[in-house]
2 protein chains.
Amino acid sequence: MLYPRFNGIFLSIEGGEGVGKSTAMKYIQDYLIAAKKNPLLTREPGGTAVAEDIRKILLTPQDEFITKDTELLLMFASRAQHLANVIVPALREGKWVVSDRFIDASYAYQGAGREIDISRIAMLEKWIVNGVMPNLTILLDAPPEIGLARAKHRGPHDRIEQEKIDFFERVRAGYLARASSDPKRFRIIDATQSLNAVQHELRNVLDTLLSSK
Amino acid sequence: MLYPRFNGIFLSIEGGEGVGKSTAMKYIQDYLIAAKKNPLLTREPGGTAVAEDIRKILLTPQDEFITKDTELLLMFASRAQHLANVIVPALREGKWVVSDRFIDASYAYQGAGREIDISRIAMLEKWIVNGVMPNLTILLDAPPEIGLARAKHRGPHDRIEQEKIDFFERVRAGYLARASSDPKRFRIIDATQSLNAVQHELRNVLDTLLSSK
């Protein structure tokens, strides 16, 4: 499960809107700190100053129509900065890196959601990610109507959150398809469970990772 | 020379730093207005509100290292917006579109200058530009030391202008290689000539285009 070329551990947390990624990130952070790790928590799009500038363009509701190709290229531009300047250096130093979304989000949102040809995403992945894949990816899964109802309480929707329900149905299906194509890397957690039950599953995943390292 | 699928004319002006592109753009604008055309003048990176936001990320000197892949992806993200929201609609309406830089700049700056594999640029071109090529491209050519000496008087250098002379030598060679691979589309103008001589050549190019339309 661990990549020989880096000493660190790379964990990504994926899922649609309102599935509880932020709460899970906080729980993982606290759990890893208690285990005497010094995890680096980061996110996509973003994670560096330049990548956060790209995130603003991606998520701010714009008067101008943003093409799906623009969206995909900006996601990978942000990812290139994130990998070169944050993820790879931290993994080289042996750190735990925990990212709120990574490559699978491009397949789910731009591939399944926007219906961009998967071969284009695979080509950009090969070029930009170049094998720096998470050791483990936690997919928090919930039907979009449940997640969106939760996300509504967080304030105004960003540009992508403004999409219609069928977009989020495709995103969810895209995530589940990614997970079933790579079951060794993915752990799916049912995000409709109680917070306690979700955190129990997170703890099991982290304990396994901690004991394998 | 003209593309049957659009009624408009698409002209791009290319060249390195300080070769006189802005002066040429102004001259072309005045000449086309005098010929009762209503030209749309635009530029890359940029040309739309979102693309100008991307331009800021590309050209502002940053504390953070911008990878060459990020640079190329941002250029094409900006181009996707420019094509979809400005160039293609204007060409459909039968307008003259004059762009300060377009696709050839990616081959010259990111291909020859940054030494990114040309096949990657060609792949992005095929995907994003999809054949919406300029009817004519004017390459203003001058040795970099002459252009850079002129550009110095314009104020602080942007992120790309801060590169070293050998970068601009590669950019110039990249432009000349592009021009010689597509002589039907390119007109090379020696930018070390007097302003009068340059404008005389621009006038000849425009007269030919005007009479062909």
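We name chains A, B, ... by the order of the sequence lines, and we start the count at 1 in each one. As the structure is a computational prediction, the values presented were derived from the model and not from experiment.
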message = Would Arg178(A) and Phe186(A) count as a cation-pi pair here, with the cationic atom under 6.0 angstrom from the ring centre and within 45° of the axis?
response =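 No, a cation-pi geometry is absent between Arg178(A) and Phe186(A).
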
query = Does the side chain of Leu74(A) reach to within under 4.5 Å of the side chain of Ile57(A), using non-hydrogen atoms?
reply =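 Yes, close enough: below the 4.5 Å cut-off.
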
task = Would you please name every residue forming a side-chain hydrogen bond (donor to acceptor under 3.5 Å, both in side chains) with Glu163(B), sequence neighbours left out?
result =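 Expected list: Arg114(B).
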
ask   = Contact part of Gln62(A) toward chain B, heavy-atom cut-off under 4.5 Å: side chain, backbone, both or neither?
value =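 Contact with chain B involves the side chain of Gln62(A) alone.
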
query = Based on non-hydrogen pairs under 4.5 Å, which of Leu124(B), Val50(B), Ile128(B) is most in contact with chain A?
reply =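 Ranked by contacts with chain A, first place is Val50(B).
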
inquiry  = Tell me every residue that passes salt bridge (charged side-chain N to carboxylate O under 4.0 Å, His left out) with Asp158(B), counting only those two or more places apart in sequence or in another chain.
reply    =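 So Asp158(B) forms no salt bridge (charged side-chain N to carboxylate O under 4.0 Å, His left out) with any residue.
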
Of the backbone (N, CA, C, O) and the side chain (C-beta and beyond), which part of [X] lies under 4.5 Å from a heavy atom of chain A, both, or neither?
{"X": "Asp53(B)", "result": "both"}
{"X": "Leu83(B)", "result": "neither"}
{"X": "Ile66(B)", "result": "both"}

ask   = Should the pair Glu14(A)-Arg187(A) be classified as a salt bridge under the 4.0 Å nitrogen-to-oxygen rule?
value =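 Between Arg187(A) and Glu14(A) there is no salt bridge, as every charged N stays at least 4.0 Å from the carboxylate O atoms.
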
